[in-house]
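Only one structure is covered here, and it is reproduced in the block below.
Every number for a ligand or one of its atoms is a count from 1 in the order of the listing.
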Amino acid sequence: MTTKTKSIQNFINGNFQNPKSGEWIDNYDPSCGEVYGKIPNSSTVDVEEAVMASAKAFPVWSNTTVDERSKILLKIADGIEAKLQFLAEAESKDNGKPVSLATAVDIPRAASNFRFFGHAITQFASEAHESVGHQTVNFTLKKPLGIVGCISPWNLPLYLFTWKIAPALAAGNCVVAKPSEVTPMTAFLLGEICNEAGLPPGVLNIVHGLGHTTGQAIVQHPQIKAISFTGGTATGEHIARTAAPMFKKLSLELGGKNPNLIFADCDYEKMLDTTVRSSFANQGQICLCGSRIFVEASIYEKFKTDFVARVKALKVGHPSEKESNLGALVSKPHLEKVLSYIEDAHHQNAKILSGGNRVIVPGYEKGYYLEPSVIEVKTNQCKLNQEEIFGPVVTIMPFKTDEEALAMANDVRYGLSATLWTNNLNRTMRFSNELQTGIVWVNTWMMRDLRTPFGGMKDSGVGREGGFEALRFFTEPKNVCIQYS
Ligand code: NAD
């Protein structure tokens with residue numbers, strides 16, 4: 001199999017197969033704007049077949065020893081690592097991200113997800129409670145849920161796909177999964193790696209297709225007991241509406257509009273380096289990017305000059321070129337959406353300090369390239385600060401007091417993450433307590449320890465992934481109370 005493969009297939013019951021309808025969707029290479037493959041436009045019939053395969057596999061998989069499950073997950077991790085370069089190139093072609101980024105971050109992290117949960121399941125213990133005086137002891141069984149649905153977005157394709165699948169499988173569930181139709185390639189390639197690692201047929205089924213058809217069929221299938229979803233807030237709302245009356249367990253990781261709060265007492269050079277990354281890594285298409293930058297007034301002008309100079313030096317280019325700091329945006333509609341925010345900036349009394357234009361890369365003129373853009377805003381209440389753009393666009397504005405900074409950071413519907421740059425311990429503790437976000441980074445960004453709870457507050461989601469939180473989500477705790485005499 002090569003990354004030039006034209007058509008990808010569904011992975012059901014350990015086999016690769018075409019969609020039953022015979023319908024296909026175009027798959028674009030964002031670096032040149034051309035169709036380079038076809039993906040199945042799966043229907044309810046394909047999802048049904050995947051559910052049947054899972055149902056058949058579940059009794060055996062859920063009774064497989066923890067050691068055996070762990071061993072298979074670790075082998076999948078090895079299989080991903082063995083194909084690191086191949087997978088990184090495939091991810092880059094599908095998504096437009098620099099190969100260097102996929103090689104350093106996306107694919108190693110996908111392997112780590114399997115390795116981490118392969119180990120974590122061996123340590124997933126249950127509590128026992130002795131009720132002294134009642135001669136009873138309670139303990140908790142943690143049963144796999146059965147068949148679960150995992151649905152992921154396009155920005156970190158294999159990284160987020162495996163972040164759900166690995167804990168679901170580790171906990172003894174069978175999975176029906178759907179990657180984004182915009183970036184399906186590495187999920188397709190994962191099927192072969194799972195077969196090579198000895199994952200039994202039907203334990204993981206990967207069905208490709210559109211959200212409102214294939215995804216919807218997964219969410220509303222009565223035999224699928226839980227949905228782990230990462231994607232946009234509007235989609236999350238729709239999924240919650242479908243799944244809630246069926247009493248499905250739901251984990252929703254949704255949009256963000258994260259504040260990056262910079263105080264004058266910070267370690268300036270480290271802050272500057274990291275802020276360039278936290279603004280534009282992956283073309284700004286990471287749910288954790290700090291898209292609203294608030295800077296203490298006393299260093300605002302210096303920051304503005306230095307930051308803009310650093311951003312202007314970033315190179316936008318073909319994802320395969322080593323020097324490219326930014327590759328292409330994921331799709332034409334997404335590029336147009338991001339551009340529409342930039343074009344609207346002047347209606348909002350905002351000033352584009354850097355970027356704002358499409359980039360034409362010679363030889364790839366139809367690619368979806370955009371300059372990293374810095375926009376100075378006058379108020380946190382503008383559209384640029386309130387809506388998720390999810391591209392290489394950040395806003396900057398000054399603040400005078402801690403109270404003002406905190407109020408602006410929290411004055412948004414989202415609550416995924418925040419970054420704080422300060423060396424003041426009291427401020428660190430106060431902000432850590434009062435920021436309405438699921439994650440607070442202090443003097444760093446996107447340092448991930450996979451044991452920590454990951455997720456957002458407010459419209460950024462419900463529930464937490466990561467560590468034992470994910471294993472708890474994918475299991476049903478059952479209390480057993482025994483009285484003895
Ligand atoms: P999206 O919501 O459009 O799609 C995500 C996935 O859901 C895709 O696989 C899609 O096919 C599927 N889907 C769409 N409609 C569906 C439906 N009705 N039923 C079931 N599935 C459906 O999101 P996207 O554009 O792929 O990703 C970008 C969004 O993801 C951004 O908002 C970003 O913030 C968010 N995101 C959040 C996190 C997080 O951890 N909180 C991480 C990455 C991305």
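Taking the ring centroids of F16 and F11, they lie under the 6.0 Å cut-off.
Note on ligand 1: G461 sits outside its first shell, no heavy atom being nearer than 4.0 Å. Assignment of S152 to the shell around ligand 1 is supported, since a heavy atom sits closer than 4.0 Å. Proximity of P179 to ligand 1 is established by a heavy-atom distance of less than 4.0 Å.
Using a 4.5 Å cut-off on side-chain heavy atoms (C-beta onward), V51 and I224 make contact. Taking the side chain as every heavy atom from C-beta outward, L87 and I193 approach each other to under 4.5 Å.
For L160, every heavy-atom contact with ligand 1 shorter than 4.0 Å involves the side chain, none the backbone. Of the heavy atoms in L416, only side-chain atoms (C-beta onward) come closer than 4.0 Å to ligand 1. Within the 4.0 Å heavy-atom criterion, both parts of Q216, backbone and side chain, lie near ligand 1.
Taking the charged nitrogens against the carboxylate oxygens, K83 and E192 do have a contact shorter than 4.0 Å, which makes a salt bridge. A salt bridge links E237 to R241: one of the charged nitrogens lies within less than 4.0 Å of a carboxylate oxygen. Using a 4.0 Å cut-off between charged side-chain N and carboxylate O, K366 and E34 make a salt bridge. Using a cut-off of 4.0 Å between Lys/Arg side-chain N and Asp/Glu carboxylate O, K142 and E476 are scored as not salt-bridged. Between E81 and R115, at least one side-chain N (NZ, or NE/NH1/NH2) sits under 4.0 Å from a carboxylate O, which counts as a salt bridge. Here K20 pairs with E49 in a salt bridge; the nearest charged N to carboxylate O distance falls below 4.0 Å.
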Quick one: side chains of residues 325-334, donor-acceptor pairs under 3.5 Å with protein atoms, not counting sequence neighbours, listed by atom name and distance.
residue: N325; atom: OD1; partner: K315; partner atom: N; Å: 2.8
residue: S331; atom: OG; partner: H334; partner atom: N; Å: 3.2
residue: H334; atom: NE2; partner: F390; partner atom: O; Å: 2.8

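Listed by number with element, the atoms of ligand 1 under 4.0 angstrom from any heavy atom of F454 are 40 (O). For ligand 1, the atoms sitting less than 4.0 Å from at least one non-hydrogen atom of H238 are 18 (N), numbered in the order shown with element in parentheses. Numbered from 1 in the order shown, with element, the atoms of ligand 1 that lie under 4.0 Å from a heavy atom of V219 read 20 (C). Taking every non-hydrogen atom of T235 and a distance limit under 4.0 Å, the qualifying atoms of ligand 1 come out as 1 (P), 2 (O), 3 (O), 13 (N), 14 (C), 15 (N), 16 (C), 22 (C). Remark: ligand 1 atoms within the under-4.0 Å shell around heavy atoms of I151 are 6 (C), 7 (O), 9 (O), 12 (C), 20 (C), 21 (N). Residue T230 approaches ligand 1 through these ligand atoms, each under 4.0 Å from one of its heavy atoms: 5 (C), 36 (N), 37 (C), 38 (C), 39 (C), 40 (O), 42 (C), 43 (C), 44 (C). Applying the 4.0 Å criterion to heavy atoms of N155 picks out, from ligand 1, the atoms 43 (C), 44 (C). Against a heavy-atom cut-off of under 4.0 Å, W154 is close to the following atoms of ligand 1: 24 (P), 25 (O), 26 (O), 27 (O).
Neither side chain, N205 nor N13, offers a donor N or O lying under 3.5 Å from an acceptor on the other.
Protein heavy atom in closest approach to atom 27 (O) of ligand 1: P153 CB, 3.3 Å. For atom 28 (C) of ligand 1, the nearest protein heavy atom (residue, atom name, distance) is F390 CE2, 3.7 Å. Of all protein heavy atoms, the one closest to atom 7 (O) of ligand 1 is F229 CE1, 3.1 Å. For atom 35 (C) of ligand 1, the nearest protein heavy atom (residue, atom name, distance) is G231 O, 3.2 Å. Looking from atom 17 (C) of ligand 1 to the surrounding protein, the closest heavy atom is G211 O, 3.3 Å.
Proximity of a side-chain donor or acceptor of N282 to a complementary backbone N or O of N155 within less than 3.5 Å is detected.
By the 30° and 60° cut-offs, the orientation of the rings of F280 relative to F307 is parallel.
Among G215, A187, A177, the residue whose heavy atom lies closest to atom 20 (C) of ligand 1 is G215. For atom 31 (C) of ligand 1, the nearest non-hydrogen atom from the set E181, Q220, E388, H208 comes from E388. The nearest non-hydrogen atom to atom 41 (N) of ligand 1, considering only L254, L156, I239, I218, comes from L254.
Atom 23 (O) of ligand 1 is flagged as protein-proximal [any protein heavy atom, distance under 4.0 Å].
How far CD of E23 is from OG of S43: 8.0 Å, rounded to the nearest 0.5 Å.
For ligand 1, the polar-atom distance check finds no N/O of L210 at less than 3.5 Å from any of the ligand's N/O atoms. Residue C287 has no nitrogen or oxygen atom sitting less than 3.5 Å from a nitrogen or oxygen atom of ligand 1, judged on distance alone.
Only one option out of N443, N260, T444 pairs with W421 in a side chain to side chain donor-acceptor pair (under 3.5 Å); it is N260.
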